[in-house]
Amino acid sequence: MTGPKNHRPGQPAPPPQDDVAKITERARRLNLDDQDVIIAVMGVTGVGKSTFIEHLTKAGVKIGKSLQSCTMEVGIYPFKHSDGRTVYIVDTPGFDDTNRTDTEVLENVAHFLGAAYSKHTKLAGIIYLHSITENRIRGSHLKNLSLFQQLCGTDSLANVVLATTMWDLLDTPARSKQALEWEAELRDTPEFWGDMIGEGSKMFRQDDGFRSALEIINYILGLKQDGIVLDIQREMIDDKKPLNQTNAGKEVQRDLLKLMAQHEKEIERIQEGVRIAVEKGNERLANKLADLETLHKAKLGKAYAEIEKLQADSKKVLEAEEMRKNKLKNRENVARAAAGVMTVIGGGLTIVAGFALVNPLLVSVGSFMVVGGTAGAAGAAGAAGAAAQ
């Protein structure tokens, strides 16, 4: 059984460089046995993705003890299942990441998934984690959930596990009761998990370390294993859309445009406040408002830069992919030209890549010509004549 090159069983994949091209190259280097399985783990920062993977792999996955993100890049961790298969668990940085923008996270996740699919490597399933201690859906959770659904699409939801974590933190009967109510709300509310469960997603509790983690893995392994194709993969590879034109890319851009509109409105309000403060001679207030205006303009500029970056990086990745395919095609053409083989069975003459290998007991050959690995007319005639002798 062969795993990803340069990966040692029980050890995490080496962290990629901060470069989309490096991340996609890691996906292309995946070298899987037919029975091997890939499962992705997703969720917002701090829900226990790294802890879940560590329960299974014991690979020394870095685990955060705060809301500070520990997963900076896409990571691949092999887990040897008792049935003999190797399960490769893909750890992804969450949207609402403390160290990266949503644009950077989307690029990392989408290009890894796209590159894996371009190698005909499909996911067996996706595990989406959510902390049960979050007894309400924050804006960042809704944004993450919406992006997750845009990445997946409807067709793949039957291979999605929705798992709640952090049950061990419920240290009082009141908190436990509240968690059960929240679990029911997650399950029954359409805009939370209700719609996805209606499309075939399965709800689990990740509440007992290795045992419950293995139960989730076993459930996915028990599903029909033709592999799933996510919408983001189909859009980028089959439809050849740049990332910014995919549903997930558009979702990120909509959020950025909404944020830009909020900053622009706030800047207008602040500018009006500065005008009034100046008219009243309140220089101190005017200066404070001016500082606040500068802050909002900086945030506005950052959001605009993120949109530009998403568009520019999408173009760059498409160009790099086209260049990679052209190089591969050129290599195949060269190899095909160099591997021309012609065998004259009756005369015992074999011409391989421009060399004549002769059985002297069967034939004697005069001069002949080989062009591009095949015999020219004069050479073929000479070989036929030699065979007749």
Side-chain angles (χ1 to χ4, degrees), residues 15-24 26-27 40 42-47 49 67-75 91-115 138-153 230-233 235-236 239-271 291-321:
Q17 297 180 28
D18 187 12
D19 186 342
V20 167
K22 297 294 183 183
I23 294 168
T24 55
R26 287 185 70 205
M42 298 184 179
V44 299
T45 296
V47 296
K49 297 189 295 292
L67 292 179
Q68 190 78 5
S69 173
C70 283
T71 305
M72 295 291 291
E73 303 280 4
V74 172
D91 189 12
T92 63
F95 295 100
D96 191 36
D97 190 88
T98 49
N99 300 302
R100 287 175 171 267
T101 65
D102 285 348
T103 299
E104 292 170 326
V105 172
L106 177 62
E107 285 177 338
N108 287 350
V109 174
H111 289 303
F112 178 88
L113 293 171
R138 293 184 282 120
S140 59
H141 287 127
L142 282 175
K143 180 175 66 174
N144 188 288
L145 196 56
S146 178
L147 275 169
F148 175 74
Q149 293 179 41
Q150 297 293 352
L151 281 168
C152 293
L230 307 182
D231 270 15
I232 190 71
Q233 295 173 310
E235 289 174 303
M236 293 180 66
D239 301 338
K240 302 188 186 305
K241 290 182 179 180
L243 180 56
N244 65 308
Q245 292 179 21
T246 64
N247 288 332
K250 289 177 181 177
E251 182 81 6
V252 168
Q253 290 176 96
R254 275 194 294 269
D255 288 338
L256 288 169
L257 289 171
K258 183 179 178 180
L259 183 62
M260 289 171 65
Q262 291 173 351
H263 286 306
E264 287 171 347
K265 185 175 181 179
E266 190 64 17
I267 288 169
E268 289 178 1
R269 190 184 70 81
I270 291 171
Q271 288 175 339
D291 290 341
L292 190 58
E293 179 185 355
T294 299
L295 179 62
H296 279 282
K297 283 183 175 179
K299 291 181 177 179
L300 176 63
K302 184 179 179 181
Y304 181 75
E306 285 299 309
I307 290 179
E308 284 193 322
K309 183 178 185 297
L310 183 59
Q311 294 172 347
D313 285 350
S314 295
K315 181 179 178 182
K316 181 176 69 175
V317 169
L318 280 179
E319 290 173 348
E321 177 66 11

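The first residue of the sequence shown is numbered 1, and numbering continues consecutively from there.
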From [X] [atom1] over to [Y] [atom2], what is the distance, rounded to the nearest 0.5 angstrom?
X    : Y    : atom1 : atom2 : answer
E264 : L300 : CD    : CG    : 5.0 Å
E306 : L257 : CD    : CG    : 12.5 Å
D231 : D239 : CG    : CG    : 9.5 Å
K241 : I232 : NZ    : CD1   : 9.5 Å
H296 : D291 : NE2   : CG    : 11.5 Å
T103 : L310 : OG1   : CG    : 5.5 Å

TODO: Would you check if the side chain of Q245 reaches a backbone N or O of P242 as a donor-acceptor pair within less than 3.5 Å?
DONE: no
Open item on the list: Using a 3.5 Å distance criterion without hydrogens, assess whether the side chain of Q253 forms a donor-acceptor pair with backbone atoms of G249.
Closed with: yes
Task: Residues L106, L151; criterion side chain to side chain contact (heavy atoms under 4.5 Å, CB included); working and verdict - done: CA-CA 9 Å; L106 177 62; L151 281 168; 4.0 Å; yes
Task: Residues forming a salt bridge (charged side-chain N to carboxylate O under 4.0 Å, His left out) with E266, sequence neighbours excluded - done: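 Once residues adjacent in sequence are excluded, the partners of E266 under the salt bridge (charged side-chain N to carboxylate O under 4.0 Å, His left out) criterion are R269.
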- [ ] Using salt bridge (charged side-chain N to carboxylate O under 4.0 Å, His left out) as the criterion, list what pairs up with K297, not counting sequence neighbours.
- [x]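 Salt bridge (charged side-chain N to carboxylate O under 4.0 Å, His left out) check on K297 returns E293.
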Open item on the list: Quick check: closest heavy atoms across V105 and P93, and the distance to 0.1 Å?
Closed with: CG1-O, 3.4 Å
Open item on the list: Contact between L243 and M236 at the side-chain level, heavy atoms closer than 4.5 Å - yes or no?
Closed with: yes
Open item on the list: For residues 246-256, which residue pairs pass the salt bridge (charged side-chain N to carboxylate O under 4.0 Å, His left out) check, not counting sequence neighbours?
Closed with: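 Every pair satisfying salt bridge (charged side-chain N to carboxylate O under 4.0 Å, His left out) with a residue in residues 246-256: E251-R254.
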Open item on the list: Exactly one of M260, K309, H263 should register a side chain to side chain contact (heavy atoms under 4.5 Å, CB included) with Y304. Which one does?
Closed with: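 Among M260, K309, H263, the one that satisfies the side chain to side chain contact (heavy atoms under 4.5 Å, CB included) with Y304 is M260.
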- [ ] Quick one: do N108 and T92 satisfy side chain to side chain contact (heavy atoms under 4.5 Å, CB included)? Show the steps, please.
- [x] CA-CA 8 Å; N108 287 350; T92 63; over 6 Å; no
